[in-house]
Amino acid sequence: MAIKSRKHAPTRFNQHIGAALAVMLLPVAAQAADPAGQSAPAAQQTLNEIKVVGSKENDFKAEKASSPKYTEELVNTAQTIVVIKKELIEQQGALTLTDALRNTPGVGTFFLGENGNTNTGDAVYMRGFDASGSIYVDGVRDVGSISRDVFNIEQIDVLKGPAGTDSGRGAPTGSINLVSKTATMANTFNSLLTAGSGKQKRATADWNRILDSDTGTAMRLNLMTQDSGNPARDEVTNKRWAFAPTVTFGIGKPTRVTASYLHVDQNNVPDGLVPTIGLPGYSTPDVAAKDKPAVRTFLNSAARVDPKNFYGSSADYDKIKADMGTLRIDHDFLPNVQIQNTTRYGKTKQDYLLTAFMGNTANLQTPNANDPSSWTLARNLPTVKDQENTILTNQTVVSAQFDTGVLKHSVVAGAEFTSEKQTNYGYVAASLGTLPAANLYNPNPRDPVTGRNPVRSGAFTQGEFNTQSLYLFDTIKFGDKWIFNGGARFDHFNTTFDAVSLQTAVTAPAVQPLPVGTPIPTHLTLSDTLANGKISALYKPTPDSSVYALLATSKAPPGTNFVLSAGASSAQNPSYDPQETITKEIGTKWDFLKQKLSLSAAVYQTTVKNEVEQDPVDKTYYQTGKKRVQGIEIGMVGEVMPNWLVSAGYTRMNTRIESNRVVSVTASGINNLTYTPKQAFTSWTSYTLPFGLKIGGGARYVGEMLRGIDGAVGTPVRVDAYWVFDAMATYTVNKNLDLQLNAYNLADKTYVAAINKSGFRYTPGQPRSFSLTANIKF
């Protein structure tokens with residue numbers, strides 16, 4: 001896994017693109033065996049009429065995004081939107097949102113957090129910015145650091161570009177919406193039973209039942225249980241169970257009412273990750289230190305640790321309970337006037353304790369420098385998260401279609417009222433326990449923990465975000481060739497932040513010093529109104545194609561992470577203006593083969609300003625930061641020919657810090673954004689043979705990424721680019737049973753999937769592993 005300079009990255013990409021295309025063209029040989037692409041016609045016979053209801057099964061291509069704010073099909077929507085359907089998710093054996101997002105290039109979990117604080121849940125980066133706070137379920141923001149399972153997901157919509165007009169505050173480069181499964185008018189049952197590498201054991205069930213065909217009443221129940229290890233990491237476990245019942249009244253009627261509930265319970269052993277010692281680019285930490293030259297000398301040539309090593313404690317835990325209740329009412333006043341109202345209450349609670357480490361010279365000990373088996377690493381950073389998130393929202397959206405002369409309008413107007421709250425509790429540091437130092441190359445996760453009895457300290461923070469929103473979109477068709485779209489959104493928000501900290505030891509003379517442990521309250525507020533808009537023009541060269549231009553904005557106020565700070569050195573200071581984003585995009589979309597295959601391409605530029613930055617000379621913070629992302633994205637999804645499905649995408653991004661104070665935010669000194677691959681490619685293809693065997697495979701490429709800067713030296717400043725190849729085979733035993741074998745990382749490539757800000761810790765990529773799934777259906 002040698003580090004290459006940036007000038008070698010395109011060459012490395014070109015060397016491997018042929019291999020990726022070979023994987024995409026895997027079914028060609030099978031097609032050649034049946035030149036006609038079809039079996040011999042059966043004898044002519046008279047059949048009774050069969051009416052098929054619902055979408056085509058086992059197809060990767062979606063026609064529309066799920067949100068009612070998007071009234072047109074994807075080919076007529078002037079924006080980059082990637083829709084990942086459950087058929088593609090199931091073929092790949094993806095279990096979580098992070099797994100599924102590998103189907104859109106350049107989006108993933110690349111950053112681990114700072115120091116000993118490891119990010120939990122879906123820590124997603126998109127086009128250079130953290131999008132973890134812009135994840136939605138059925139159009140409602142989903143708060144809480146939970147790893148989202150896809151057992152109850154129908155499709156995932158990845159909206160790229162500013163989503164301020166669609167969703168309000170959020171990441172400057174897009175949002176992710178998970179679409180839940182709902183009841184249908186069919187009696188079906190489907191269960192997936194999976195076993196695989198890393199002691200994987202998982203079962204899901206999806207049961208749909210018609211309760212009353214006359215009134216259009218049906219129910220659906222999705223269940224999931226999992227008790228698995230991790231093929232990449234010893235000791236790490238993923239244990240969870242969940243259920244999601246849904247009842248819908250009035251399917252096919254003018255008024256439809258859907259009541260749904262989701263409960264998720266997780267009890268995991270979290271991952272404290274692996275030291276970067278021995279990785280390409282590692283010299284030693286703290287090379288400026290003068291007191292431990294022996295440590296520096298021997299660590300410079302130290303071997304890499306086994307990526308399966310576990311440096312925490314098997315007594316660490318990550319317990320999550322999430323509940324979400326939703327009531328949705330849809331009513332058609334007229335064929336061209338519809339209203340939808342959604343009410344949801346959600347609550348997520350996380351209780352988390354991780355024994356972490358920092359691999360600097362203070363914590364690395366070499367009692368016998370010539371004997372690496374004696375080297376140790378202090379496990380002295382127990383981190384705790386006792387967090388509760390709640391959300392209560394009511395959303396109403398009205399859609400209407402009408403004509404004004406030669407113009408055809410599709411108008412969408414809406415109002416949203418949302419209250420979000422996050423509470424974090426502090427703990428007495430001494431009550432979190434201590435562990436003896438771990439042997440660097442042979443750590444023992446079962447070392448006894450001394451003094452672990454977590455006790456709340458009385459310190460806490462509580463942030464509340466109340467928002468009232470109004471928005472309006474109008475899509476105007478002028479003849480058969482032109483479609484114009486304009487939209488505006490206004491969000492009035494009210495943020496309050498309350499905290500209690502405890503007085504620590506007095507380090508400087510004070511007129512009236514407070515006793516140690518004295519509670520110190522903080523109360524801060526912020527109120528403002530954000531306005532966002534977007535406008536686009538789309539031209540249709542043919543009925544199944546489009547060329548478009550888009551201009552859109554997004555804003556995010558201080559305190560979007562439920563934290564406000566009066567400190568002059570904090571980006572959460574309420575005196576700062578909102579972060580502002582402008583994106584310009586030009587693109588084209590083409591549907592071929594009777595709308596079965598879609599091709600898309602777009603070029604874009606996103607500029608983010610009002611970033612809070614620290615002057616490297618006077619160390620004072622200023623709101624003068626400016627960042628820019630320019631890129632291209634190309635996608636293909638659908639059916640190439642009968643039985644041959646393909647999903648693929650490629651992106652190339654050029655990022656730049658345009659601040660007039662901070663010259664770089666990367667440890668390498670390069671003036672680019674952190675944790676953002678310059679190039680990324682993803683593909684998956686499958687082909688169904690005439691005798692019931694389906695074969696498939698995919699390739700993923702993630703380009704070199706630069707880590708952030710925080711003063712750490714000697715640790716890797718970048719993450720190497722990598723290729724990963726996967727494969728799948730499914731055999732239909734009979735109409736009630738399919739068997740599916742998935743193979744991951746066929747070449748057993750060793751790579752860094754994510755790295756922390758200091759470069760002391762990293763997440764190893766998944767090694768070669770396998771899973772076998774029985775798909776039982778009735």
Side-chain angles (χ1 to χ4, degrees), residues 82 84 86 89 92 94-114 117-160 163 167 170-180 224 226 228 230 232-233 236 238-240 242 244 262 264-266 268 270-271 273 318-322 324 346-350 352 354 385 387 389 391 420 422 560-562 675-677 680 682 700 702 705 753-756 763 765-766:
V82 177
I84 306 169
K86 69 178 178 65
I89 294 172
Q92 295 175 340
L95 306 180
T96 66
L97 173 61
T98 299
D99 293 340
L101 289 177
R102 293 170 181 167
N103 290 292
T104 179
V107 179
T109 300
F110 306 130
F111 175 56
L112 300 177
E114 300 184 38
N117 297 315
T118 299
N119 286 337
T120 60
D122 298 308
V124 178
Y125 265 64
M126 182 191 306
R127 286 186 176 178
F129 291 86
D130 186 359
S132 305
S134 297
I135 299 174
Y136 297 78
V137 176
D138 303 319
V140 178
R141 192 186 306 272
D142 188 34
V143 292
S145 45
I146 181 174
S147 179
R148 295 162 181 85
D149 199 287
V150 296
F151 82 102
N152 190 43
I153 299 303
E154 194 72 35
Q155 69 180 47
I156 300 170
D157 298 345
V158 182
L159 170 66
K160 298 189 177 182
S167 309
T173 49
S175 63
I176 300 162
N177 185 43
L178 287 72
V179 183
S180 302
M224 180 273 295
Q226 178 172 324
S228 301
N230 186 321
R233 308 284 294 112
V236 177
N238 296 288
K239 186 176 182 179
R240 55 184 180 261
L262 172 67
V264 179
D265 194 306
Q266 300 187 14
N268 307 320
D271 194 351
L273 312 175
D318 182 12
K319 300 177 181 179
I320 296 173
K321 291 185 184 296
M324 181 189 300
K347 180 178 179 180
T348 302
K349 181 171 177 55
Q350 182 177 26
Y352 170 92
L354 170 71
K385 181 186 289 185
Q387 184 182 95
N389 287 275
I391 182 169
E420 303 166 73
Q422 182 181 98
T560 52
N561 294 321
F562 299 96
Y675 315 109
T676 303
T682 182
R700 288 181 287 115
V702 177
M705 290 184 290
I755 194 168
N756 84 314
T763 297
Q766 181 179 4

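Numbers here simply count residues along the sequence, with the first being 1.
- Between Gln226 and Leu95, some side-chain heavy-atom pair lies under the 4.5 Å cut-off.
- Under 3.5 Å, the side chains of Ser175 and Lys160 contain no donor-acceptor pair of N or O atoms.
- With 3.5 Å as the limit, one finds a donor-acceptor pair spanning the side chains of Asp318 and Gln350.
- By the 4.5 Å heavy-atom criterion applied to side chains, Leu354 and Tyr352 are counted as neighbours.
- Remark: side-chain polar atoms of Asn177 are paired, donor with acceptor, to backbone N or O of Asp138 under 3.5 angstrom.
- Under the rule for a ring pair (Phe, Tyr, Trp, His ring centres under 6.0 Å), Phe110 has no partner lying at least two apart in sequence or in another chain.
- The backbone N or O of Arg148 sits nowhere less than 3.5 Å from a side-chain atom of Thr96 that would complete a donor-acceptor pair.
- Looking at Asn268, its side chain does come within 3.5 Å of a backbone N or O of Lys239 through a donor-acceptor pair.
- Using a 4.5 Å cut-off on side-chain heavy atoms (C-beta onward), Gln387 and Lys349 make no contact.
- Under the 4.5 Å side-chain criterion, counting only non-hydrogen atoms from C-beta, Leu178 is not in contact with Glu154.
- Contact record, Val158 with Ile84: CG2-CD1, 4.3 Å, taken as the closest heavy-atom pair.
- Looking at Arg240 and Asp265, no side-chain N of the basic residue comes within less than 4.0 Å of a carboxylate O on the acidic one, giving no salt bridge.
- Inter-residue side-chain proximity for Asp157 and Ile176 is flagged as unmet; no heavy-atom pair is nearer than 4.5 Å.
- Within the 4.5 Å cutoff, the side chain of Asn389 has no heavy atoms near those of the Lys347 side chain.
- When the side-chain contact (heavy atoms from CB on, under 4.5 Å) test is applied to Ala322, the partners found at least two apart in sequence or on another chain are Ile146, Val264, Thr348.
- Side-chain contact check for Thr98 and Asp122: at least one donor-acceptor pair (N or O, by modelled atom type) lies under 3.5 Å.
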